[in-house]
Visitor: 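Handing you this structure, nothing more for now.
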Amino acid sequence: MTEPQHPEEGLLTIRPVAWYRGLLPEKFGLPRQSGLVPDLAGRVEMAEGFRQREALRGLEGFSHVWLVWGFSRNHTWSTTVRPPRLGGNTRLGVFATRSPFRPNPLGLSLVELEKVVWDGPHGPELQVKGADLMDGTPIYDIKPYVPYADARPEARSGFAQGADGTLEVQCPPDLLARLPEDQRAALLGVLAQDPRPHYQNDPDRIYGMAFGEWNVKFQVEQGMVRVIGLEKG
């Protein structure tokens, strides 16, 4: 089979069918994969033109869904990248990684579907958990997860064998109490995943992270995250 001769042949124009609404407005702090912070809640808000109940009919019967989404802040790509899992010192082909710097900036995440909210100001919408997406991420497609076809426990994982170890998180109770109760486990889970770039390991450095309407300040030393500030932004 020969390649298409016309430069426009094979091109695809897509538009968002929904938008992700969550607690993390910036790349810093995002879980590195979906499912690593199962308590991190968010919403998939259907876009104008796709808010028909019929389009979601039957989805409530599934416990998990795939989200096909866009890296909306990345506009360049490279043939090789430096995976953080390998310390940022080894180059691999972009198609052997999940780097956001891709020829077509598309991501794929598996999230838990808690509930389909049919009514309300943004209905219908999906309440989900475990996403690795920034607030405002465009969603291009939604597909149900079916274990008999999608689960492959025997699959090889290349250089990405298992999840990185988590850190212990120490947050003074008076600071944690400032957060809404349903956001506390999510914040601790995000911090336990170590939001820092892999190459940063300065115990005296104070890091800042946006989490919902809060600014979180923390330090990391010897496998321990210490929260030292939590203020509304």
Visitor: Report the distance from atom CG of Asp174 to atom CZ of Arg178, rounding to the nearest 0.5 Å.
Guide: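 Going from CG on Asp174 over to CZ on Arg178, the span is 6.0 Å.
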Visitor: Any heavy-atom pair between the side chains of Phe159 and Pro83 that's under 4.5 Å?
Guide: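 SC-SC contact between Pro83 and Phe159 confirmed.
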Visitor: Measure across Phe218 and Met209 and return the closest heavy-atom pair with its distance rounded to 0.1 Å.
Guide: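 Where Phe218 meets Met209 most closely, the heavy atoms are CE2-CB, 4.2 Å.
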Visitor: Please say yes or no: joined through hydrophobic side-chain contacts below 4.5 Å, possibly via intermediate residues, are Ile228 and Leu187 part of one cluster?
Guide: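 In one cluster with Ile228: Leu187, no.
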Visitor: Would Tyr140 end up clustered with Val44 when hydrophobic side chains under 4.5 Å apart are linked, directly or stepwise?
Guide: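 In one cluster with Tyr140: Val44, no.
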Visitor: Indicate, with yes or no, if Met46 and Val111 share a hydrophobic cluster defined by side-chain heavy-atom contacts under 4.5 Å among Ile, Leu, Val, Met, Phe, Trp and Tyr.
Guide: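 Val111 and Met46: one cluster.
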Visitor: After noting the C-alpha distance and the side-chain angles of Arg98 and Gln33, does the key distance pass the side chain to side chain donor-acceptor pair (under 3.5 Å) rule?
Guide: CA-CA 9 Å; Arg98 296 193 177 189; Gln33 300 291 340; 2.9 Å; yes
Visitor: Heavy atoms only: give me the nearest Trp66-Tyr145 pair and the separation to one decimal.
Guide: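 Looking at all heavy atoms of both residues, the shortest contact is NE1-CD1, 3.6 Å.
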Visitor: Which heavy atom of Leu176 sits nearest a heavy atom of Arg184, and at what distance?
Guide: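 Closest approach of Leu176 to Arg184, heavy atoms only: O-NE, 3.4 Å.
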Visitor: Output the distance between atom CE (Met224) and atom CG (Leu191), rounded to the nearest 0.5 Å.
Guide: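 Between atom CE of Met224 and atom CG of Leu191 there are 12.5 Å.
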Visitor: Is the backbone of Arg82 close enough, under 3.5 Å, to the side chain of Arg91 for a donor and an acceptor to pair up by distance?
Guide: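 No, the answer is negative, given that no donor and acceptor are paired below the 3.5 Å cut-off.
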Visitor: Could you give me the CA-CA distance, side-chain angles and deciding distance for Phe211 and Gln183, then say whether side-chain contact (heavy atoms from CB on, under 4.5 Å) is met?
Guide: CA-CA 9 Å; Phe211 184 82; Gln183 296 181 10; 3.9 Å; yes
Visitor: Looking only at heavy atoms, what is the nearest atom pair of Gly229 and Leu175, with distance?
Guide: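 Gly229 and Leu175 have their closest heavy atoms at N-CD1, 4.0 Å.
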Visitor: Go through Ser78 and Val94 one step at a time and tell me if the side-chain contact (heavy atoms from CB on, under 4.5 Å) criterion holds.
Guide: CA-CA 7 Å; Ser78 174; Val94 65; over 6 Å; no
Visitor: Identify whether Ile14 and Val65 are in the same connected component of the hydrophobic contact network (ILVMFWY, side-chain heavy atoms under 4.5 Å).
Guide: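 No, no single cluster joins them.
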Visitor: Is there a donor-acceptor contact under 3.5 Å linking the side chains of Ser109 and Asp132?
Guide: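 A pair is found: one side chain offers a donor N or O, the other an acceptor, under 3.5 Å apart.
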Visitor: Check this for me: Arg156, atom CZ, are more than 12 non-hydrogen atoms of other residues, nucleotides or ligands nearer than 6.0 Å?
Guide: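 Result for CZ/Arg156: open.
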Visitor: Quick one, Leu113 and His64 - any side-chain contact, counting heavy atoms below 4.5 Å?
Guide: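 The answer is no, as the side chains (C-beta and beyond) never meet within the 4.5 Å cut-off.
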Visitor: Passes side-chain contact (heavy atoms from CB on, under 4.5 Å), Met134 versus Leu30? Steps please.
Guide: CA-CA 7 Å; Met134 287 191 303; Leu30 284 176; 3.4 Å; yes
Visitor: If I take atom CD from residue Glu125 and atom CH2 from residue Trp118, how far apart are they, to the nearest 0.5 angstrom?
Guide: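 That separation rounds to 11.5 Å.
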Visitor: Please give me the minimum heavy-atom distance between Leu40 and Ala131, naming the atom from each residue.
Guide: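 That would be CD2-O, 3.6 Å.
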Visitor: Tell me, with the steps shown, if Lys217 and Leu230 meet side-chain contact (heavy atoms from CB on, under 4.5 Å).
Guide: CA-CA 6 Å; Lys217 302 291 186 182; Leu230 186 62; over 6 Å; no
Visitor: Measure the spacing between NZ of Lys115 and CG of Leu126 and express it to the nearest 0.5 Å.
Guide: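 That separation rounds to 12.0 Å.
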Visitor: So Ile142 and Leu59, do their side chains get closer than 4.5 Å, heavy atoms only?
Guide: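 In contact.
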Visitor: Hey, are the side chains of Gln170 and Val227 touching, using non-hydrogen atoms and a 4.5 Å cut-off?
Guide: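 Side chain of Gln170 against side chain of Val227, heavy atoms only: no contact under 4.5 Å found.
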Visitor: Which value, rounded to the nearest 0.5 Å, describes the distance between Leu56 atom CG and Arg51 atom CZ?
Guide: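 So the gap between those two atoms works out to 12.0 Å.
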Visitor: Are Gln127 and Val117 side-chain neighbours, meaning at least one heavy-atom pair lies under 4.5 Å?
Guide: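 A side-chain contact under 4.5 Å exists here.
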Visitor: Quick one: does Asn104's side chain have a donor or acceptor within less than 3.5 Å of a partner on Leu106's backbone?
Guide: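 Flag not set: sc Asn104 to bb Leu106 has no pair under 3.5 Å.
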Visitor: Could you report the tightest heavy-atom contact between Gly29 and Val190, atom names first, then the distance?
Guide: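 For Gly29 versus Val190, the nearest heavy atoms are O-CG1, 3.1 Å.
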Visitor: With a 3.5 Å distance limit and no angle check, can you tell me whether Arg43 reaches the backbone of Arg21 through a side-chain donor-acceptor pair?
Guide: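 Side chain of Arg43 to backbone of Arg21, a donor-acceptor pair under 3.5 Å: no, none is there.
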Visitor: For Arg53 and Asp119, run salt bridge (charged side-chain N to carboxylate O under 4.0 Å, His left out): C-alpha distance rounded to whole Å, both residues' side-chain angles, the deciding distance at 0.1 Å, then the answer.
Guide: CA-CA 9 Å; Arg53 297 166 65 100; Asp119 301 307; 3.2 Å; yes
Visitor: Please round to the nearest 0.5 Å and tell me the distance separating atom OG1 of Thr80 and atom CG of Leu92.
Guide: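 With rounding to 0.5 Å, OG1 (Thr80) is 8.5 Å from CG (Leu92).
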Visitor: A quick test of your reading: do over 12 heavy atoms of other residues, nucleotides or ligands sit less than 6.0 Å from CZ of Arg57?
Guide: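 Atom CZ in Arg57 is not packed in, count stays at 12 or less.
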Visitor: Look at the side chain of Asp135 and the backbone N and O of Gly22, then say whether any donor-acceptor pair between them is shorter than 3.5 Å.
Guide: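 Answer holds: yes.
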Visitor: State, with a plain yes or no, whether a side-chain heavy atom of Trp77 is found less than 4.5 Å away from one of Pro100.
Guide: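 Side-chain contact under 4.5 Å: no.
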Visitor: Just wondering, are more than 12 heavy atoms of other shown residues or ligands nearer than 6.0 Å to CD in Gln52?
Guide: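 It does: Gln52 CD has more than 12 such atoms within range.
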Visitor: Do side-chain atoms of Ser34 reach the backbone of Leu110 as a donor and acceptor pair under 3.5 angstrom?
Guide: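 Yes; at least one donor-acceptor contact below 3.5 Å.
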Visitor: Answer yes if Phe101 and Leu133 sit in the same cluster of Ile, Leu, Val, Met, Phe, Trp and Tyr residues linked by side chain heavy atoms under 4.5 Å apart, and no otherwise.
Guide: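 No, Phe101 does not connect to Leu133 through the hydrophobic network.
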Visitor: Between Arg226 and Gln219, do the side chains contain an N or O donor and an N or O acceptor separated by less than 3.5 Å?
Guide: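 Indeed, the side chains of Arg226 and Gln219 share at least one donor-acceptor pair under 3.5 Å.
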Visitor: With the side chain counted from C-beta on, respond yes when Phe50 and Arg15 share a heavy-atom pair under 4.5 Å apart, and no when they do not.
Guide: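 Yes, their side chains come closer than 4.5 Å.
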